[in-house]
Amino acid sequence: MVGSITNIERNIERVRNANNKLLGEAVMQAMPQYIRLLNEVPKYTGEIGSNLINAAGTGIIAPLFIAYNPLADTDKDTKIYSAWRQPISAVLAILMQFSIVYPFSQYVQKLSNEGLLAKHLNRTLIHEEKYLKQILQRQYPNMSAKEIAERAKNWQTQEYAEAMELIQRKGILSSTMNPMSVENFKTLMSSTTSGMLEEINNEITYLEKEKPEKYFARMKFYRDNPAEVRSLFNEISDGVKLDSTNDASKQFFKDLLRKHKDAKPEIIGIIKELSSASTTGLKRHYLSRLQERFKDAARLTDDALIGEYIKEGITKHLKHAKDDKTILEAMTEMVSKTTNANYNRNTAEILEKSEKLLGRGRDFLFELVQKEAKNINNRFKSYKDVSGLMVGFLTLPVTCYILNWIYPRFMEKFFPSITAKKPPKTNVMDKFSPENLVKNKLLTPNVTTKGGTAPCLPA
């Protein structure tokens with residue numbers, strides 16, 4: 001059975017694909033500053049931000065190009081008259097977005113979190129954190145935002161625990177308490193085991209090439225500078241608390257590096273190692289591991305003992321990784337052979353094998369739940385984007401009608417001088433009047449009829 005929520009939280013915070021993340025962050029740090037800034041933009045925009053940026057471009061930048069376009073063969077007043085259509089259009093777009101499209105998007109998200117959409121779109125397995133916060137805010141209106149966020153996180157952790165227990169008890173992964181189909185179960189299991197196998201293979205390769213000398217200086221520094229190291233760890237603990245967001249902890253380590261820029265290389269190395277973790281949870285995991293080694297360093301009074309400790313740790317870690325690989329390979333093979341006939345038996349055996357992985361920082365059940373929650377989120381996002389696009393298309397005729405009604409009246413009200421110079425509207429059929437046809441030499445005026453002189457086609 002699943003252990004305590006504390007154990008689940010520990011599993012949630014384990015190190016995943018550390019080497020790949022380090023490489024990705026190193027590449028990004030090597031990029032020019034403007035590229036790094038562009039990479040940060042999506043984190044602060046989202047749906048509303050993107051629409052506001054688009055509206056700003058339509059309402060500010062586009063009118064400037066129209067009003068001061070040297071290639072346009074029109075007078076200045078006509079350009080200005082045309083340019084003002086863009087900001088009016090942008091304002092209407094924002095009003096429609098916030099009055100119809102955005103509320104619809106919020107409503108669809110609410111339906112998904114309440115389990116009122118199709119089963120494959122419902123996020124009742126692991127609710128959206130924003131939705132949980134809204135419930136808590138209604139229940140506890142006087143509670144601080146910090147405590148609301150912490151309770152929402154704990155609520156999600158409980159949902160992970162319940163989902164993991166549900167799998168172990170019944171081999172079920174569904175918010176409606178119905179067993180998954182064989183094909184869906186095989187797909188989910190295969191993607192989970194293959195991802196974990198790739199992670200383990202990378203780890204084994206890394207450990208087999210690992211040199212004990214790399215950690216020797218660090219362990220000696222722990223042993224010989226206990227007060228300095230303890231002070232640093234206490235300082236870091238304040239930046240990786242349970243309620244610290246990923247962005248907040250990332251900024252904390254940037255400030256910490258600036259503060260200790262002239263410190264000893266070992267201090268800077270510790271800070272950089274911890275800051276390389278992509279989430280606050282991983283940073284806490286790294287910190288607890290370093291603190292454990294720091295405690296062990298106190299009893300390693302001889303350099304020879306330090307060398308033995310490091311070698312023993314690498315050997316033990318490598319053995320655990322290889323054992324996990326063997327178990328996962330057996331699980332992968334069993335998943336591939338699962339059919340309707342042996343579904344229940346194979347599922348039970350696969351889950352039984354997965355329990356051997358739980359004590360080594362690779363919680364298979366958590367990986368399974370997290371993968372399915374991610375799949376549901378991706379399916380829902382596609383559904384929301386398509387349905388939102390359809391709503392947007394439906395509002396276009398209304399927006400265009402309002403724009404065509406407001407635009408001339410706005411210009412007449414605030415720019416009467418420009419509006420007065422605007423050429424009067426002409427009927428397209430006026431081009432085919434006798435006068436215009438004669439003017440363009442398509443007709444001649446020299447034919448006399450009973451009713452008088454009338455133009456006719458030239459000979």
Side-chain angles (χ1 to χ4, degrees), residues 4-6 8-14 37 39-53 94 97-99 101-116 122-163 175 234-259 274-275 277-288 366 369-370 373-374 376-377 380-381 384 388:
S4 65
I5 293 177
T6 303
I8 297 167
E9 261 192 331
R10 186 191 67 238
N11 291 325
I12 292 173
E13 296 163 2
R14 69 202 178 287
L37 288 173
N39 186 58
E40 294 290 322
V41 168
K43 299 178 183 178
Y44 303 100
T45 55
E47 184 179 0
I48 296 177
S50 298
N51 288 322
L52 290 176
I53 290 172
I94 292 175
Q97 178 72 28
F98 282 94
S99 62
V101 180
Y102 180 70
F104 173 80
S105 175
Q106 296 297 103
Y107 177 68
V108 171
Q109 290 190 69
K110 181 174 181 289
L111 293 179
S112 176
N113 280 291
E114 292 179 353
L116 299 177
N122 286 331
R123 292 187 287 184
T124 48
L125 180 70
I126 305 296
H127 286 93
E128 188 183 18
E129 187 173 345
K130 180 181 177 182
Y131 174 76
L132 298 179
K133 286 181 179 179
Q134 290 172 348
I135 293 177
L136 291 170
Q137 285 167 350
R138 289 195 296 267
Q139 292 178 346
Y140 308 100
N142 298 323
M143 186 177 290
S144 67
K146 182 178 178 180
E147 192 172 355
I148 288 286
E150 185 174 345
R151 288 202 178 194
K153 177 179 174 60
N154 292 337
W155 193 343
Q156 268 195 341
T157 301
Q158 177 64 34
E159 288 185 331
Y160 272 104
E162 292 172 354
S175 57
N234 289 338
E235 187 176 8
I236 292 174
S237 296
D238 293 334
V240 291
K241 291 180 178 177
L242 186 64
D243 58 351
S244 299
T245 64
N246 293 338
D247 290 334
S249 62
K250 185 180 293 186
Q251 185 60 47
F252 169 81
F253 277 99
K254 286 181 180 179
D255 296 338
L256 194 63
L257 272 174
R258 282 194 289 267
K259 178 181 177 181
L274 290 170
S275 65
S278 61
T279 67
T280 304
L282 289 176
K283 287 179 173 67
R284 286 199 301 272
H285 181 89
Y286 281 163
L287 178 62
S288 64
F366 171 75
V369 174
Q370 183 175 241
K374 184 178 180 180
I376 293 173
N377 284 336
F380 171 75
K381 185 178 183 301
K384 187 185 73 168

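When every heavy atom of Phe380 is checked against every heavy atom of Arg123, the shortest pair comes out as CE2-NH2, 3.2 Å. Of all heavy-atom pairs spanning Leu116 and Asn122, the tightest one is N-OD1, 3.4 Å. Here the closest non-hydrogen pair linking Ala152 and Leu132 is O-CD1, 3.8 Å. Residues Leu287 and Ser237 come closest through the heavy atom pair CD2-OG, 3.6 Å.
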With side chain to side chain contact (heavy atoms under 4.5 Å, CB included) as the test, would you mind laying out the steps for Gln139 and Leu136 before giving the verdict? CA-CA 5 Å; Gln139 292 178 346; Leu136 291 170; 4.0 Å; yes
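The line from OG1 of Thr124 to CD1 of Ile376 is 7.0 Å long, rounded to the nearest 0.5 Å. Summarising the geometry, atom CD belonging to Gln109 is positioned 8.5 Å from atom CD belonging to Gln134; distances are rounded to the nearest 0.5 Å. In this structure, Phe104 CZ and Lys384 NZ are separated by 10.5 Å, a value rounded to the nearest 0.5 Å. Going from atom NZ of Lys130 over to atom NZ of Lys110 covers 13.5 Å, rounded to the nearest 0.5 Å. Distance check, rounded to the nearest 0.5 Å: CD of Glu147 to CG of Asn142 gives 11.0 Å. The structure places CG of Leu274 at 5.0 Å from CD1 of Ile236, a figure rounded to the nearest 0.5 Å.
Side-chain contact check for Glu159 and Gln156: no donor-acceptor pair (N or O, by modelled atom type) lies under 3.5 Å.
For Tyr131, the ring pair (Phe, Tyr, Trp, His ring centres under 6.0 Å) partners two or more places apart in sequence, or in a different chain, are His127. Applying the side-chain hydrogen bond (donor to acceptor under 3.5 Å, both in side chains) rule to Asp255 yields the partners Gln251, Arg258; only residues at least two apart in sequence or on another chain are considered.
A heavy-atom distance below 4.5 Å is found between the side chains of Arg138 and Ile135. Under the 4.5 Å side-chain criterion, counting only non-hydrogen atoms from C-beta, Arg151 is not in contact with Ile148.
At a threshold of 4.0 Å, the pair Lys146-Glu150 does not count as salt-bridged, since none of the basic side-chain nitrogens sits closer than that to a carboxylate oxygen.
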